[in-house]
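I have placed the structure first, in the form of structure tokens, so that the comments after it can refer back to it.
The structure presented is a predicted model; accordingly, all values stated were derived computationally and were not measured. Every heavy atom of this structure was used, including side-chain atoms; hydrogens, water molecules and symmetry mates were not. Whatever order the structure lists ligands and atoms in, that order sets their numbers, starting from 1.
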Amino acid sequence: MRRQDATPNDLEPFWMPFSANRQFKASPRLLVAAQGMYYTSHDNRRILDGTAGLWCCNAGHGHPKIVEAIQTQAAQLDYAPTFQMGHPKAFELAGRLANTMAGDLNHVFFTNSGSESVDTALKIALAYHRARGEGTRTRLIGREKGYHGVGFGGISVGGLGNNRKQFGGLLTGVDHLPHFHNPEHNAFSRGLPEWGAHLADDLEKLVALHDASTIAAVIVEPMVGSAGVIMPPKGYLERLRTLCTKHGILLIFDEVITGFGRLGAPFAVDFFAVEPDLVTTAKGLNSGAVPMGAVFAQDKIYDAIVNAAPPGAIELFHGYTYSAHPLACAAALAALDVYQGEGLFQRAAELAPYWEDAVHALKGLPHVIDLRNLGLVAGIELAAIDGNPGARGYSAFVRAYEAGLLVRVTGDIIALSPPLIVEKDQIDTMFAILADIIRTLD
Ligand SMILES: Cc1ncc(COP(=O)(O)O)c(CNc2cccc(C(=O)O)c2)c1O
């Protein structure tokens with residue numbers, strides 16, 4: 001029991017996620033309000049949101065339709081269970097989402113985050129093969145540098161050492177494809193790089209080693225986000241799709257970042273014209289307004305697990321108290337209305353060339369060793385300070401915030417992913433601030 005009264009100025013009790021708690025609490029950066037493209041900081045400064053919060057506020061902040069939907073829903077039905085019970089918006093949203101998604105990915109399982117979506121998709125993949133009498137297919141394959149959230153499933157298929165090393169034994173029966181980041185071939189590529197599609201063929205090596213009869217699924221980010229904004233080589237995802245189909249391996253696209261317009265299309269499924277068997281989403285699903293995730297499953301998967309089960313049986317022993325939470329559903333329905341009503345996905349596609357030019361105008365600045373872009377995403381890779389990796393990136397992050405711009409950094413890579421409502425003059429402002437900062441970095 002603490003003796004002090006809790007106050008907003010008492011920062012100690014909050015154990016912050018993925019943060020340098022001591023450094024932050026010594027010099028906190030608090031956001032107290034948000035509207036449209038801007039946050040308001042606790043010292044009353046307007047902060048341009050270059051990251052849509054954390055890649056999630058695709059409709060911008062405080063959109064009146066989303067705010068109103070949440071307020072109305074909270075007053076009408078704050079919470080209802082979806083275990084053997086239901087509420088109308090859960091079914092309405094699932095239908096809207098199925099109609100937004102291409103192909104036969106017509107069944108939607110709701111979660112509360114990207115991490116839960118990933119663990120859900122992995123479990124559905126395993127349950128699918130078991131339901132079809134191929135229970136020997138238990139191996140899961142991720143990719144080096146992959147980020148799939150922080151569940152034990154996600155960090156096991158994930159390919160980032162820092163996210164794994166503190167947590168001991170992870171899932172067994174997991175392998176990783178090689179990553180495709182290759183500056184020698186692909187540095188400063190505009191959009192998708194040319195080199196590296198052949199790296200998908202490494203799946204054949206894993207099949208030769210383990211036999212396809214033991215492999216359940218491959219999970220990949222169509223575009224690498226957290227590990228530093230790395231674009232798939234032209235043809236890579238198509239090859240992965242072909243090889244998974246060839247060996248009866250399910251392909252899972254982790255679209256937590258790319259989903260809901262980030263690339264200038266509803267999903268990476270549309271952008272690349274590749275149809276996976278499962279798609280994980282969260283973030284932009286309701287523009288970050290209420291925690292929510294969703295897993296899209298092919299009809300064949302739902303049929304195998306649900307329709308083939310004995311009558312009256314619970315077909316999948318999995319789910320969350322807040323699966324299809326009414327507030328999250330209301331916010332997501334409103335967000336879809338905004339995306340579609342304001343044409344935000346197409347708008348992002350139309351802005352992408354302007355964005356690309358703004359990104360690559362940074363070439364030649366000190367320390368800039370790579371520039372990467374796709375849709376409304378950018379990665380600006382800075383050379384690390386010898387012996388102090390990440391220091392230059394962190395300095396850029398802090399200076400940008402002090403200059404009124406919110407960015408993300410992964411190591412020495414600055415990541416940008418603004419709300420899809422961003423205007424050209426705001427893009428100009430973002431890159432002018434960053435150029436000034438980069439010129440003066442140590
Ligand atoms: C591809 C992918 N999969 C799963 C998750 C996990 O989602 P949740 O956090 O909702 O459990 C993510 C999340 N991605 C994420 C989250 C926070 C920060 C950053 C960053 O790159 O700065 C990226 C993600 O990018």
Side-chain angles (χ1 to χ4, degrees), residues 16-20 49-58 110-122 140 142-160 162-164 179 217-232 237 251-260 262-263 267-269 276 278-296 320 322-323 325 328 331-332 372 374-381 390 393-394 396-397 400-401 406-418:
M16 299 172 68
F18 273 111
S19 297
D49 183 3
T51 64
L54 276 183
W55 313 78
C56 51
C57 305
N58 292 6
F110 289 114
T111 72
N112 305 289
S113 67
S115 298
E116 289 185 357
S117 288
V118 165
D119 278 16
T120 297
L122 296 175
L140 301 168
R143 187 174 58 209
E144 294 168 344
K145 293 185 182 285
Y147 182 74
H148 300 291
V150 294
F152 274 98
I155 62 176
S156 297
V157 296
L160 298 170
N162 281 342
N163 295 1
R164 297 157 58 96
H179 70 79
V218 168
I219 181 169
V220 294
E221 298 164 81
M223 175 204 80
V224 172
S226 293
V229 186
I230 306 167
M231 309 310 168
L237 293 172
L251 177 59
I252 304 171
F253 272 9
D254 187 349
E255 292 219 37
V256 168
I257 281 181
T258 55
F260 301 98
R262 180 53 53 199
L263 302 182
F267 298 96
V269 171
L278 289 156
V279 177
T280 56
T281 67
K283 292 187 188 286
L285 171 53
N286 57 28
S287 194
V290 180
M292 188 177 214
V295 177
F296 294 78
Y320 306 94
Y322 301 134
S323 286
H325 190 287
R372 303 186 284 268
L374 199 64
L376 291 188
V377 177
I380 302 159
E381 184 159 1
Y394 181 73
F397 161 70
Y401 182 70
L406 183 65
V407 302
R408 280 291 290 166
V409 286
T410 299
D412 291 299
I413 300 162
I414 300 167
L416 290 166
S417 59

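- Of all protein heavy atoms, the one lying nearest to atom 17 (C) of ligand 1 is Leu54 CD1, 3.7 Å.
- Ranking protein heavy atoms by distance to atom 12 (C) of ligand 1, first place goes to Tyr147 CE2, 3.4 Å.
- Distances between N or O atoms of Thr410 and those of ligand 1 include no value under 3.5 Å.
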* Which is it for Ser117 and Thr111 under the side chain to side chain donor-acceptor pair (under 3.5 Å) test, yes or no, and what are the steps along the way? -> CA-CA 6 Å; Ser117 288; Thr111 72; 2.8 Å; yes
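- Considering only non-hydrogen atoms, atom 11 (O) of ligand 1 lies nearest to Ser115 out of Pro17, Ala227, Cys56, Ser115.
- From the protein, the heavy atom lying nearest to atom 20 (C) of ligand 1 is Trp55 NE1, 3.2 Å.
- Distances between N or O atoms of Asp254 and those of ligand 1 include at least one value under 3.5 Å.
- A donor-acceptor pair under 3.5 Å links the side-chain atoms of Ser323 to the main chain of Phe110, judged by distance alone.
- Counting only heavy atoms from C-beta outward, the side chains of Ile230 and Lys145 approach each other to under 4.5 Å.
- In this structure, Lys283 is part of the shell of residues with a heavy atom less than 4.0 angstrom from ligand 1.
- Of the polar atoms of Ile257, none of the N or O atoms is found under 3.5 Å from an N or O of ligand 1, judged by distance alone.
- Of the candidates Ala282, Gly259, Gly149, the one placing a heavy atom closest to atom 6 (C) of ligand 1 is Gly149.
- Partners of Tyr320 under the ring pair (Phe, Tyr, Trp, His ring centres under 6.0 Å) rule, at least two apart in sequence or in another chain, are His318.
- In terms of protein heavy atoms, atom 23 (C) of ligand 1 is closest to Ser226 OG, 3.0 Å.
- When each atom of ligand 1 is checked for a heavy atom of Ser113 under 4.0 Å away, the hits are 10 (O), 11 (O).
- Protein heavy atom nearest atom 7 (O) of ligand 1, with residue, atom name and distance: Gly114 CA, 3.2 Å.
- Of the possible donor and acceptor atoms, one in the side chain of Arg372 sits under 3.5 Å from a partner among the backbone N and O of Gly228.
- Of the candidates Leu278, Thr281, Leu237, Val218, Phe253 forms a side-chain contact (heavy atoms from CB on, under 4.5 Å) with just one, namely Leu237.
- Considering backbone and side-chain N/O atoms, Glu116 never comes within less than 3.5 Å of an N/O atom of ligand 1.
- Close N/O approach between Arg408 and ligand 1 is found [any backbone or side-chain N/O within under 3.5 Å].
- Interatomic distance, Asp254 CG to Leu122 CG, rounded to the nearest 0.5 Å: 9.0 Å.
- Taking the six-membered ring where the residue is Trp, the centroids of Phe296 and Phe267 are separated by under 6.0 Å.
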* **Candidate pair Val229 and Val377, rule side-chain contact (heavy atoms from CB on, under 4.5 Å), full reasoning** => CA-CA 8 Å; Val229 186; Val377 177; 3.5 Å; yes
